[in-house]
Amino acid sequence: MIGRIAVIGILVMALIAGIALYYLQVYAFYDEVSPVENGDVQVMSLVSGQSEPLLIEDFQGITSDSSPIRYRACFTSLQSQAMMTETYQTYEQAEPLVAPSWFGCFDADAIGEALETGEAIAFLGTKNIQYGIDRVIAVFADGRAVAWNQINACGEVVFDGDPTPEGCPTPPERLQ
């Protein structure tokens with residue numbers, strides 16, 4: 001009898017721990033953001049080489065202090081793809097990262113497929129928004145747009161503990 005009680009107790013504790021772990025991973029550390037809170041939605045100009053605010057509406061965004069690559073946003077771009085390709089820098093290595101299932105407007109698989117087929121075009125939003133992290137913006141032909149943070153080539157090397165490659169900015173002391 002005592003063995004059954006112990007087994008049931010262990011199973012209940014494991015279930016509680018599993019539910020807590022799931023909640024912490026999927027919901028707890030995300031916060032909703034407005035475009036202004038996160039430095040507006042910006043895109044890198046071909047002419048100036050600086051990030052400029054993008055005209056948008058219907059913004060929904062989430063982020064987390066626990067990781068710089070947890071940022072995701074969905075919005076509508078008021079500028080066409082054609083105008084943007086002539087004005088802003090494209091981003092060739094765009095790989096959308098999976099968002100929590102409850103953030104329904106961001107489907108990484110569909111975005112990745114749209115980037116591969118040319119239905120969507122990726123642009124550099126802000127280079128090194130944090131060291132080694134770029135903000136990427138993908139715009140669909142119908143004006144729908146999404147944004148996420150992605151590790152860039154410099155960050156990939158430095159985060160693995162290797163020396164900073166040539167052409168990359170010096171990393172902050174905490175990464176050296």
Side-chain angles (χ1 to χ4, degrees), residues 30-99 103 105-108 110-112 114-160 162-176:
Y30 283 98
D31 296 313
E32 289 187 26
V33 292
S34 72
V36 174
E37 286 176 298
N38 227 12
D40 289 324
V41 175
Q42 298 188 10
V43 65
M44 186 72 69
S45 169
L46 284 171
V47 176
S48 70
Q50 300 293 315
S51 290
E52 301 173 350
L54 183 65
L55 298 173
I56 65 164
E57 60 186 14
D58 303 326
F59 181 89
Q60 300 174 52
I62 57 173
T63 193
S64 174
D65 292 335
S66 65
S67 172
I69 60 172
R70 283 191 158 190
Y71 175 85
R72 306 287 187 283
C74 304
F75 49 92
T76 303
S77 172
L78 299 178
Q79 298 167 325
S80 71
Q81 276 184 333
M83 181 276 210
M84 290 184 70
T85 55
E86 293 175 7
T87 310
Y88 302 117
Q89 184 178 339
T90 59
Y91 196 87
E92 299 302 323
Q93 310 85 4
E95 295 178 23
L97 304 174
V98 176
F103 194 63
C105 67
F106 194 99
D107 181 350
I111 297 164
L115 289 168
E116 287 177 10
T117 63
E119 180 187 345
I121 300 172
F123 297 93
L124 174 60
T126 304
K127 185 143 186 82
N128 287 311
I129 198 155
Q130 265 189 321
Y131 183 85
I133 308 292
D134 293 339
R135 173 127 334 135
V136 180
I137 297 170
V139 179
F140 291 79
D142 64 3
R144 288 179 299 126
V146 293
W148 67 93
N149 288 354
Q150 178 174 313
I151 298 173
N152 62 30
C154 296
E156 205 170 297
V157 172
V158 172
F159 298 156
D160 283 342
D162 296 329
T164 307
E166 193 173 314
C168 290
T170 304
E173 281 188 37
R174 63 184 168 78
L175 294 176
Q176 294 180 359

Is the backbone of [Y] close enough, under 3.5 Å, to the side chain of [X] for a donor and an acceptor to pair up by distance?
| X | Y | value |
| --- | --- | --- |
| S45 | S48 | yes |
| D142 | R144 | yes |
| Q150 | Q93 | yes |

Review item, side-chain donor-acceptor pairs of residues 84-92, under 3.5 Å, at least two apart:
from	atom 1	to	atom 2	distance (Å)
T85	OG1	Q81	O	3.3
T85	OG1	A82	O	2.9
T87	OG1	M83	O	2.8
T90	OG1	E92	OE2	3.2
Y91	OH	D134	OD2	3.0

Sole residue of R72, Q130, R135 in side-chain hydrogen bond (donor to acceptor under 3.5 Å, both in side chains) with N149: R135
Could you report the tightest heavy-atom contact between [X] and [Y], atom names first, then the distance?
| X | Y | answer |
| --- | --- | --- |
| A122 | A94 | CB-CB, 3.5 Å |
| P171 | T164 | CD-OG1, 3.2 Å |
| P96 | A108 | CG-O, 3.5 Å |
| F59 | A73 | CE1-CB, 3.6 Å |

message: Using side-chain heavy atoms (C-beta onward) and a distance below 4.5 Å, is I111 in contact with W148?
response: yes
field: side-chain hydrogen bond (donor to acceptor under 3.5 Å, both in side chains) against S66, all qualifying residues, sequence neighbours excluded
entry: S64, R70
Gap between atom [atom2] of [Y] and atom [atom1] of [X] - 0.5 Å precision:
| X | Y | atom1 | atom2 | value |
| --- | --- | --- | --- | --- |
| F140 | L115 | CZ | CG | 7.0 Å |
| C168 | N128 | SG | CG | 8.0 Å |
| I151 | L97 | CD1 | CG | 8.0 Å |
| I69 | T63 | CD1 | OG1 | 11.0 Å |
| L54 | F123 | CG | CZ | 9.0 Å |
| L46 | M44 | CG | CE | 10.0 Å |

task: With side chain to side chain contact (heavy atoms under 4.5 Å, CB included) as the test, would you mind laying out the steps for Y131 and V158 before giving the verdict?
output: CA-CA 10 Å; Y131 183 85; V158 172; 3.6 Å; yes
- request: Only counting residues at least two apart or in another chain, list the ones meeting ring-ring contact (aromatic ring centres under 6.0 Å, His included) with F75.
  value: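 Result, ring-ring contact (aromatic ring centres under 6.0 Å, His included) vs F75: none returned.
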query: Should the heavy atoms of other residues, nucleotides or ligands under 6.0 Å from CG of D65 be counted, would the total exceed 12?
result: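 No, the 6.0 Å shell around CG holds no more than 12 heavy atoms from other groups.
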